[in-house]
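Throughout, residue positions are numbered sequentially from 1 according to the sequence presented. When a ligand or atom number is given, it counts from 1 through the structure's own listing order.
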Amino acid sequence: MAKRALITGITGQDGSYLAEFLLGQGYEVCGMVRRSSTVNFERIAHIQDAVTLVAGDLLDEVSMINILRESRPAEVYNLAAQSFVQTSWNQPVLTGETTALGVTRMLDAIRIVDPEIRFYQASSSEMFGKVQEVPQQESTPFYPRSPYGVAKVYGHWITVNYRESYDLHASSGILFNHESPRRGLEFVTRKVTHGVARIAAGIDEKLALGNLDAQRDWGYAADYVRAMWLMLRQDRPDDYVVATGETHSVKELVELAFAAAGLNWERYVVIDDRFLRPAEVDLLVGDPSKAESTLGWERDVDFAQLVAMMVEADMALVKSRLG
Ligand code: NAP
Ligand code: GDD
């Protein structure tokens, strides 16, 4: 019989790639979706017939208990969250409810319905925040710099706590930034590649950005979802950093993306204070050696390939909308 997995956040970037990957591994895939007045299944439209969508919300524990009772998954991947750092200053309580307490609700639902379920928690390099060492690894102390980062620290530790308290197979993947042509338009990589495509098409004249000096360890989302699955293949649950080991500034991203379209970024980029943050994470660079040696994980796509892929996809998208 095929193994069944439940993905929360299936309509998001990672959820869509993970669903594709698990279907390819022969899984039956259930995806938890929250009610909205308009359907937003764009990222999973191509696999919608192959997955089962079930209604639930991380704010509502009963909905998750019912989903687990009805779907009986062997694995749960908790990818749902309020995931945009900037929004977390405007909606700190909602971010805490979803991104922090939502994890406890799901862990509790698992404990109540079936403690044999294997659990993956989408933890984040934002937990390292004002970094205490370079590069960051599993043992690096956390120093979050945003309500989102604080909420993710809670989500991480409650996962560890339920593992230790109830012997759940609950693992936490500390994933560094990962991007793709399916990335939300508000995140800097996609904002830049989509902005480049619009400028190249003559639609926009300028691209307004915030801090160009911030440095991130950017990888490709499709590579990173494989690591999630590998974590649940291990006999023992654990925490793993998933990263490329390289860091690049926002400025480097901008230079590369504009150059890919034959444009000089300095003619188009303007700095707008609205995109600066009350507290910044200046430098992230992860050490993925534990994931590589224990899980056998490796990435296929590097930073330059990622930027080229995203610019190309956005050029095609903008062109198709014009035509
Ligand atoms: P994303 O594209 O923003 O997707 C977030 C998903 O969560 C969407 O499907 C969204 O549903 C769902 N969601 C939000 N609030 C919910 C609620 N109350 N109940 C149920 N579902 C809810 O995020 P992503 O980039 O795929 O990231 C996936 C996870 O990894 C997140 O937890 C994120 O914080 C974490 N993470 C991401 C990165 C990264 O670089 N991408 C790095 C480290 C950790 P709607 O479609 O209905 O909005
Ligand atoms: N979004 C955005 N928009 N960011 C900008 C801009 C802009 O106009 N200009 C500069 N930046 C800088 C931000 O200040 C930040 O330092 C960096 O670009 C990356 O911002 P985002 O792409 O919004 O991502 P993030 O690093 O804050 O958060 C992402 O990665 C985390 C993992 O470290 C999200 O995916 C989180 O959910 C994830 O946990």
What's the shortest distance from [atom] to any protein heavy atom, and which residue and atom give it?
atom	value
atom 10 (C) of ligand 2	Asn211 O, 3.2 Å
atom 28 (C) of ligand 1	Leu79 O, 3.4 Å
atom 25 (O) of ligand 1	Arg183 NH1, 3.4 Å

**Cation-aromatic face contact Arg190/Phe187, 6.0 Å, 45 degrees** = no
**Prompt:** Quick one: is the NZ or CZ of Arg182 closer than 6.0 Å to the six-membered ring centre of Tyr17, and within 45° of its axis?
**Reply:** yes
**Asked** At a 4.0 Å threshold, what atoms of ligand 2 neighbour a non-hydrogen atom of Val85?
**Response** 27 (O), 28 (O)
**Request:** Find all atoms of ligand 2 within a distance of less than 4.0 Å from any non-hydrogen atom belonging to Leu284, and give their numbers and elements.
**Result:** 33 (O)
**Message:** In the structure I gave you, are the side-chain heavy atoms of Gln215 and Leu284 within less than 4.5 Å of one another anywhere?
**Reply:** no
**Request:** Report yes if some heavy atom in the side chain of Val76 is under 4.5 Å from a heavy atom in the side chain of Phe119; otherwise report no.
**Result:** yes
**Message:** In this structure, does ligand 2 have an atom that sits under 4.0 Å from one of the heavy atoms of Gln86?
**Reply:** no
**Asked** Does ligand 2 have any atom that is closer than 4.0 Å to a heavy atom of Gln215?
**Response** no
For ligand 1, which part of [X] has a heavy atom less than 4.0 Å away: the side chain, the backbone, both, or neither?
X	result
Val33	neither
Arg34	side chain
Ser123	backbone

**Message:** Does this structure show an ion pair linking Lys290 with Asp238, if we count only N-O contacts that are shorter than 4.0 Å?
**Reply:** yes
**Asked** Can Arg299 and Glu246 be counted as an ion pair, charged N to O under 4.0 angstrom?
**Response** yes
**Complete:** Asn177 heavy atoms within 4.0 Å reach ligand 1 at atoms 40 (O)
**Item:** Donor-acceptor side-chain pairing of Gln82 and Thr98 below 3.5 angstrom
**Value:** no
**Asked** Is the Phe128 ring parallel, tilted or perpendicular to the Phe142 ring (thresholds 30°, 60°)?
**Response** tilted
**Request:** Examine Leu212 against ligand 2 and note whether any of their N/O atoms are separated by less than 3.5 Å.
**Result:** no
**Gly210-ligand 2 polar pair, N/O distance under 3.5 Å** = yes
**Asked** Below 6.0 angstrom between ring centroids: does that apply to Trp297 and Tyr224?
**Response** yes
**Prompt:** Out of Arg277, Arg145, Lys191, Arg274, whose heavy atom is nearest to atom 8 (O) of ligand 2?
**Reply:** Lys191
**Message:** Residue-level breakdown please: for Gln13 versus ligand 2, do any non-hydrogen atoms fall below 4.0 Å on the side chain, on the backbone, on both, or on neither?
**Reply:** neither
**Item:** Contact partition for Val250 relative to ligand 2, non-hydrogen atoms under 4.0 Å
**Value:** side chain
**Request:** Considering only Ile, Leu, Val, Met, Phe, Trp and Tyr, and joining two whenever side-chain heavy atoms are under 4.5 Å apart, list the other residues clustered with Leu322.
**Result:** Ile203, Val318
**Request:** Check if Thr8 has a non-hydrogen atom at a distance under 4.0 Å from any atom of ligand 1.
**Result:** no
